**Student:** 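After the structure tokens below, expect a handful of questions from me.
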Amino acid sequence: MDTYDIFKQLTAGVRFTKKRTAPPSKPNGVSAAKETPPQQKPVIKPAEDSDSGEDCSAADDFRLLADTGTAENAPKRKKAKKQLSKEQAEQLQRVEEINALRKQNLITVLGKDVPAPIKLFDDLRTSEYKLLPRLLENLTSYGFAQPTPIQMQALPVLLKDRALMACAPTGSGKTLAFLTPIINGLRCHKTTGLRALVLAPTRELAQQIYRECGELTKGTGLRTHFISKVSEAKQQYGPECKQKYDILISTPNRVRFLLQQQPPLLDFKSIEWLVLDEADRLMEEGQNNFKEQLDDIYAACTNPQKRVAFFSATYTVPVAKWALRHLKNLVRVTIGVQNSATDTVKQELLFVGSESGKLLAVREMVRQGLQPPVLVFVQSKERAKQLFEELLYDGINVDVIHAERTQHQRDNCVRAFREGHIWVLICTELMGRGIDFKGVNLVINYDFPPSKISYIHRIGRTGRAGRPGRAVTFFTQDDTANLRSIAQIIKNSGGEVPEYMLQMKKVSKSEAKMRSKKPLDREDITTKIRPETPKNSVKLQKIDKAEKVLKRKDNTDKNSINKAKKLGKMKEQLKGKAPLAKGKAKKSMNASK
Ligand SMILES: Nc1ncnc2c1ncn2[C@@H]1O[C@H](COP(=O)(O)OP(=O)(O)OP(=O)(O)O)[C@@H](O)[C@H]1O
């Protein structure tokens, strides 16, 4: 009996969709049909909600192969078993065990000859994986009882040098799932230069991965670097620098900046591992997004043998398409349902009437007793500052983090929150992804998230590593457009939502996209009464106009940036704070013309 016969028996009773049996005409040969491993049968597992437009068509493209046996197939298999040799019967049993393990852990895989998942970290000790004893020791020192589902499947895939696109819920241990194979692959320090590159969308996340890498590389001799200041880059890893690092962890903009220096301050010729954490964010196209930077970085990693891995809790169709087109021998792993919220978070939607209702709601929550640590998300740095000012006088132990604070302030803020000195941290989307604050009890979405992808990541800052968490999302009449898709996510993860929300009108793809890019104009967060004189409003209008002119020019030179900053400050002052210096407004507004 050859492989084809075994395949026939294993897939008895399975109907293959037309899409999956299409001829293998995809450019990289990783068509779904070709990828179908003999032991797998297709089960369609789309995300239930498909209405937001931003990622709704993912359902079709993300059809994954699950490995489940059905009662319907059982008798046929039994009959077939009689004809199998002992070796084949054993093989069949092994396949069934693998399928059962995947089913139990909601692991779905797509790819050719996908390695079996492991049950225990200790399984990596075998000759098949040859995990460095010191690395295993470091892993064991965390005291985790067993690998999480993503670790069970991603570790063997990456340890076998396959390209990987992994999607697993927030807080499910993806960081260890990519750092372990990198460290094992590099094994010991070499003076050849950088051999692994890990990219993350924010400095805070890159720093967190760097810290985790430090723990895991203990005693291996491997040297990891995190780009803290680009100005120090030349001394740290320029051509004349003697100190050579093995692993670099950073954000795409810093890396690209250093690559663009003459001569380039980074050399990626020897990169053997390229990992994108929050891959869907890094692959976002358009202004202020990372895709362009990533293209340059990817082009600089010229080693054809490099392993590439994408990790995220959410994916969009273009990312999957890119991966299929560019990555050979790709394995796709999904835990649970694609683009869904983690089920350890109790999610609530709270109608607060108006903007001022939000402050009342927060104060009421405080009055009833908040259990810190708490993260509060707002849509912009201006609003973060406003909310901070309000809560500061309420006697809450609060701080704020946003892109306008200095690196030093941001680092201190994160540290203080981690150490419990700050109980309530107000933040922007900056902290929405990847940040692992242990034990966050509550996430408050003070401003409604701009997309369901943003919602999934924001609320994923709580309920991590299997712990329970709670998320409260405020909404007003202005937020109803995205309400349906978020209500659907809550329902999909087992929460309760009123039926009317699920029946609301669907938002078109283009509107959802527009909303995710441009946050709503909201009233300022304040309880202070600010007298708005006619004079002030005229000045404000003029400033708005000047800002628009500057934006249209799209100047990124120092002068324009300073002007924009000045205008922003003046606007704030006019809105009711410090008095504006005479003649200053006029001067700046004229200068922008
Ligand atoms: N096998 C394990 N068992 C229990 N906890 C684990 C295990 N592996 C990792 N963790 C812990 O789970 C927490 C979340 O891990 P991690 O930050 O890697 O999540 P993530 O999946 O990357 O989340 P996100 O999508 O939000 O970035 C960390 O505190 C980590 O120490």
Side-chain angles (χ1 to χ4, degrees), residues 105-107 117-124 135-136 138-156 158 164-183 198-202 204-216 249 251 275-282 309-315 333-336 338-345 373 375 377 414 417-418 427 429-440 443 449 453-469 471 493:
N105 291 286
L106 304 177
I107 302 172
I118 51 159
K119 281 187 194 154
L120 300 167
F121 286 117
D122 234 34
D123 294 346
L124 299 174
L135 177 55
L136 194 61
N138 292 345
L139 262 180
T140 320
S141 70
Y142 283 99
F144 300 141
Q146 63 179 104
T148 61
I150 188 61
Q151 292 165 355
M152 285 178 172
Q153 187 59 80
L155 285 171
L158 287 176
L164 174 68
M165 182 176 156
C167 179
T170 50
S172 62
K174 294 188 282 295
T175 315
L176 278 190
F178 60 75
L179 286 180
T180 308
I182 293 180
I183 296 165
V198 179
L199 295 172
T202 60
E204 280 70 16
L205 181 53
Q207 205 165 23
Q208 179 180 297
I209 300 169
Y210 170 72
R211 262 201 313 273
E212 188 101 41
C213 195
E215 291 296 312
L216 269 184
I249 302 173
T251 54
V275 173
L276 307 189
D277 194 15
E278 309 296 342
D280 57 331
R281 174 75 187 97
L282 293 183
F310 287 8
F311 279 79
S312 186
T314 52
Y315 274 105
V333 175
T334 299
I335 309 300
Q338 189 101 37
N339 292 353
S340 59
T342 171
D343 54 10
T344 49
V345 180
L375 265 181
F377 282 95
V414 169
F417 191 62
R418 280 190 200 283
C427 56
E429 218 62 28
L430 174 82
M431 303 300 278
R433 281 192 181 242
I435 298 295
D436 184 50
F437 288 126
K438 298 230 166 25
V440 168
V443 166
I453 296 279
S454 150
Y455 177 78
I456 292 169
H457 287 278
R458 281 185 185 187
I459 69 155
R461 296 316 99 208
T462 180
R464 298 176 72 74
R467 293 187 195 95
S493 52

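These numbers come from a predicted model, not from an experiment. Ligands are counted one by one from 1 in listed order, and the atoms in each one are counted from 1 as well.
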**Student:** Any donor-acceptor pair under 3.5 Å linking the side chain of T202 with the backbone of L205?
**Tutor:**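 At least one qualifying donor-acceptor pair exists.
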
**Student:** P147 and I118: which non-hydrogen atoms are nearest, and at how many Å?
**Tutor:** CG-CD1, 4.0 Å

**Student:** Output yes when a side-chain donor or acceptor of T342 lies under 3.5 Å from a complementary backbone atom of G460, and no otherwise.
**Tutor:** no

**Student:** Show me a pair-per-line table, with atom names and distances to 0.1 Å, of protein N or O atoms that are under 3.5 Å from an N or O of ligand 1.
**Tutor:**
from     : atom 1 : to   : atom 2 : distance (Å)
ligand 1 : 1 (N)  : Q146 : O      : 3.0
ligand 1 : 1 (N)  : Q151 : OE1    : 3.0
ligand 1 : 8 (N)  : Q151 : NE2    : 2.8
ligand 1 : 17 (O) : R464 : NH2    : 3.0
ligand 1 : 18 (O) : K174 : N      : 3.3
ligand 1 : 18 (O) : T175 : N      : 3.0
ligand 1 : 18 (O) : T175 : OG1    : 2.6
ligand 1 : 19 (O) : G173 : N      : 3.3
ligand 1 : 19 (O) : R464 : NH2    : 3.3
ligand 1 : 21 (O) : S172 : N      : 3.0
ligand 1 : 21 (O) : G173 : N      : 3.2
ligand 1 : 21 (O) : K174 : N      : 3.1
ligand 1 : 21 (O) : K174 : NZ     : 2.8
ligand 1 : 23 (O) : G171 : N      : 2.8
ligand 1 : 23 (O) : R464 : NH2    : 3.0
ligand 1 : 25 (O) : K174 : NZ     : 2.7
ligand 1 : 26 (O) : R461 : NH1    : 3.0
ligand 1 : 26 (O) : R461 : NH2    : 2.9
ligand 1 : 26 (O) : R464 : NH1    : 2.8
ligand 1 : 26 (O) : R464 : NH2    : 3.3
ligand 1 : 27 (O) : E278 : OE2    : 3.3
ligand 1 : 29 (O) : D436 : OD2    : 2.6
ligand 1 : 29 (O) : K438 : NZ     : 3.3

**Student:** My understanding is that only one of D280, N339, T170 makes a side-chain hydrogen bond (donor to acceptor under 3.5 Å, both in side chains) with T314; could you say which?
**Tutor:**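 Going through D280, N339, T170 one by one, the side-chain hydrogen bond (donor to acceptor under 3.5 Å, both in side chains) with T314 is satisfied by D280 alone.
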
**Student:** Would you call D277-K174 a salt bridge at under 4.0 Å N-O?
**Tutor:**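 No, no charged N to carboxylate O under 4.0 Å.
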
**Student:** For residues G434 and Q208, report the shortest heavy-atom separation together with the two atoms involved.
**Tutor:**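 Heavy atoms only, the tightest pair is O-NE2, 3.0 Å.
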
